[in-house]
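These notes are about the structure you will find just below.
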Number of protein chains: 2
Amino acid sequence: MEKQASEVAPKQSNRCNCMNLRRASRAITQFYDDTLKPSGLTVTQLSLLRHLGMLKTATISELAKMVQIDRTTLNRNMKPLIREGFIDIRRGRDSRTRQIALTAQGKNAAIRGWKLWEVAQKTIKEYMGNNDLVKLTQLLLKVENIAHYNGKN
Amino acid sequence: MEKQASEVAPKQSNRCNCMNLRRASRAITQFYDDTLKPSGLTVTQLSLLRHLGMLKTATISELAKMVQIDRTTLNRNMKPLIREGFIDIRRGRDSRTRQIALTAQGKNAAIRGWKLWEVAQKTIKEYMGNNDLVKLTQLLLKVENIAHYNGKN
DNA sequence: ACAAATTGCGTGTATATACACCATCTTTTA
DNA sequence: TAAAAGATGGTGTATATACACGCAATTTGT
């Protein structure tokens with residue numbers, strides 16, 4: 001095991017697993033958003049555009065399920081993308097539903113964002129090292145599934 | 001060719017390191033907040049109260065540095081705690097500063113929250129396993145420091 | 001066919017997050 | 001000592017997050 005040292009952070013604040021994850025989440029979000037800044041997209045927005053690009057078209061609930069985010073959160077997250085004309089929403093056949101799709105502008109924005117995103121991804125890989133990054137990804141996936149654990153609800 | 005829908009979605013959505021972290025962060029936050037619900041505190045709020053309890057008193061910037069959160073975010077996060085009478089803010093000697101301190105009610109709330117927090121911590125440890133949890137904590141600490149990496153800015 | 005259950009969605013409300021900008025107060029410097 | 005520089009904090013604005021609630025449309029059960 002490497003030294004890893006105490007760094008700047010006080011020992012007492014590293015005990016809560018949840019806050020540990022949230023601090024890391026804030027840090028990496030700032031890093032990605034900063035890298036993506038020239039594209040005018042946040043990492044959340046780019047993620048949405050890319051998922052939409054894969055699905056071609058989707059209802060709100062379908063997209064929410066795909067990106068694993070709360071449906072009402074997604075609803076709000078789409079607002080800036082609608083305003084910028086990156087996505088288009090229309091009524092579905094089942095008129096309870098909405099069909100969401102990328103516009104041409106949205107596709108272009110996604111491509112611009114993607115190129116910057118690749119830089120961020122590469123930097124992270126370089127910084128973390130491949131082994132640690134793989135391990136981290138694995139562990140995060142497990143954390144995601146905590147809700148299904150047999151100790152809860 | 002069949003569709004293999006279950007293959008396309010997860011693979012594609014698990015590629016962004018940032019979104020991976022954010023999904024995990026959302027999941028564990030919901031888990032902690034749910035566990036803490038009877039105390040009336042969110043995990044963020046409990047964290048603030050506990051750090052304040054350690055510091056006895058602090059200025060806003062000091063507390064922000066300790067919990068490693070943006071100063072202006074902290075400012076807003078304190079609002080519910082002030083409203084509930086859990087913390088008390090007054091002008092410092094240097095009248096640019098504010099001195100924050102726990103109230104008696106705040107101490108009680110922190111104690112109530114703590115007990116539930118311990119349950120959440122224990123559950124996570126059980127669920128993740130000790131080795132993986134230690135490894136995760138280590139990796140998250142490294143992620144936190146990405147901003148200092150020599151490939152940025 | 002009609003009532004009941006279910007599904008899909010939006011909004012009200014509240015917290016969490018942080019950047020840009022500004023006001024104020026203190027310390028340093030010319 | 002007056003001006004400049006620095007420190008401290010608040011607010012405007014915007015995004016991200018999700019729970020509770022309710023409305024409208026569809027599907028199901030009798």
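Chain A is the first sequence line, chain B the second, and so forth, proteins listed ahead of strands; every chain is numbered from 1. Bear in mind that the values here come from a model prediction, so they are computed numbers and not experimental data.
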Results of side-chain hydrogen bond (donor to acceptor under 3.5 Å, both in side chains) for B:Asp70 - residues two or more places apart only: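 Counting only residues at least two positions away or on another chain, B:Asp70 forms a side-chain hydrogen bond (donor to acceptor under 3.5 Å, both in side chains) with B:Thr72.
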
Mind checking side-chain hydrogen bond (donor to acceptor under 3.5 Å, both in side chains) for A:Thr29 and listing every partner two or more places apart, or none if nothing turns up?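 Scan of A:Thr29 (side-chain hydrogen bond (donor to acceptor under 3.5 Å, both in side chains), adjacent residues dropped) gives B:Arg22.
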
5'-most contact on DNA chain C: B:Thr44 or A:Lys37, nearest heavy atom basis?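 The residue mapped nearer the 5' terminus is B:Thr44.
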
Between A:Glu62 and B:Gln45, who's closer to the 5' end of DNA chain C by nearest nucleotide?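 Whichever sits nearer the 5' end wins; that is A:Glu62.
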
So [X], base contact, sugar-phosphate only, or nothing? Heavy-atom distance under 4.0 Å.
X	value
A:Thr73	base
B:Arg26	sugar-phosphate
B:Arg22	sugar-phosphate
A:Thr29	nothing
B:Thr72	base

Ignoring hydrogens and angles, write down the donor-acceptor pairs under 3.5 Å from the side chains of residues 86-96 of chain B, residues two or more places apart or on other chains.
from: B:Asp88; atom 1: OD2; to: B:Arg90; atom 2: NE; distance (Å): 3.0
from: B:Asp88; atom 1: OD2; to: B:Arg90; atom 2: NH2; distance (Å): 3.1
from: B:Arg91; atom 1: NH2; to: B:Ser95; atom 2: O; distance (Å): 3.0
from: B:Asp94; atom 1: OD1; to: B:Arg96; atom 2: N; distance (Å): 3.0
from: B:Asp94; atom 1: OD1; to: B:Arg96; atom 2: NE; distance (Å): 3.1
from: B:Asp94; atom 1: OD2; to: B:Arg96; atom 2: NE; distance (Å): 3.3
from: B:Asp94; atom 1: OD2; to: B:Arg96; atom 2: NH2; distance (Å): 2.6

Can you list the residues that meet the side chain to side chain contact (heavy atoms under 4.5 Å, CB included) rule with [X], with sequence neighbours excluded?
X	result
A:Thr59	A:Ser61, A:Glu62, A:Thr97, A:Gln99
A:Asn131	none
B:Ala120	B:Phe31, B:Tyr32, B:Thr35
B:Glu126	A:Tyr149, B:Lys122

Side-chain donor or acceptor of B:Asp33 paired with backbone N/O of B:Val43 under 3.5 Å: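 Yes.
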
Does B:Thr123 reach the main-chain N or O of B:Val119 with its side chain, forming a donor-acceptor pair under 3.5 Å?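 Confirmed, B:Thr123 side chain pairs with B:Val119 backbone.
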
Angle between the two end axes of the helix from C:dA1-D:dT30 to C:dA30-D:dT1, five base pairs per end, rounded to 10 degrees?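 The angle separating the two end axes equals 10°.
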
Those residues of residues 78-104 of chain B lying under 4.0 Å from DNA chain D by at least one heavy atom: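 Those residues are B:Arg96, B:Thr97, B:Arg98.
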
Show which side-chain atoms of residues 73-80 of chain B pair as donor or acceptor with protein atoms under 3.5 Å away, not counting sequence neighbours.
none

What is the separation between atom CG on A:Asp70 and atom P on C:dG10, rounded to the nearest whole Å?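 My rounded result for the distance is 13 Å.
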
Under 4.0 Å from any heavy atom of chain B: name the first and the last nucleotide of DNA chain D that qualifies, 5' to 3'.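 The contacted stretch runs from D:dG6 to D:dC19.
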
Go through the structure and list residues passing salt bridge (Lys or Arg N to Asp or Glu O under 4.0 Å) with B:Asp132, not counting sequence neighbours.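 In terms of salt bridge (Lys or Arg N to Asp or Glu O under 4.0 Å), with neighbours along the sequence ignored, B:Asp132 is linked to A:Lys135.
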
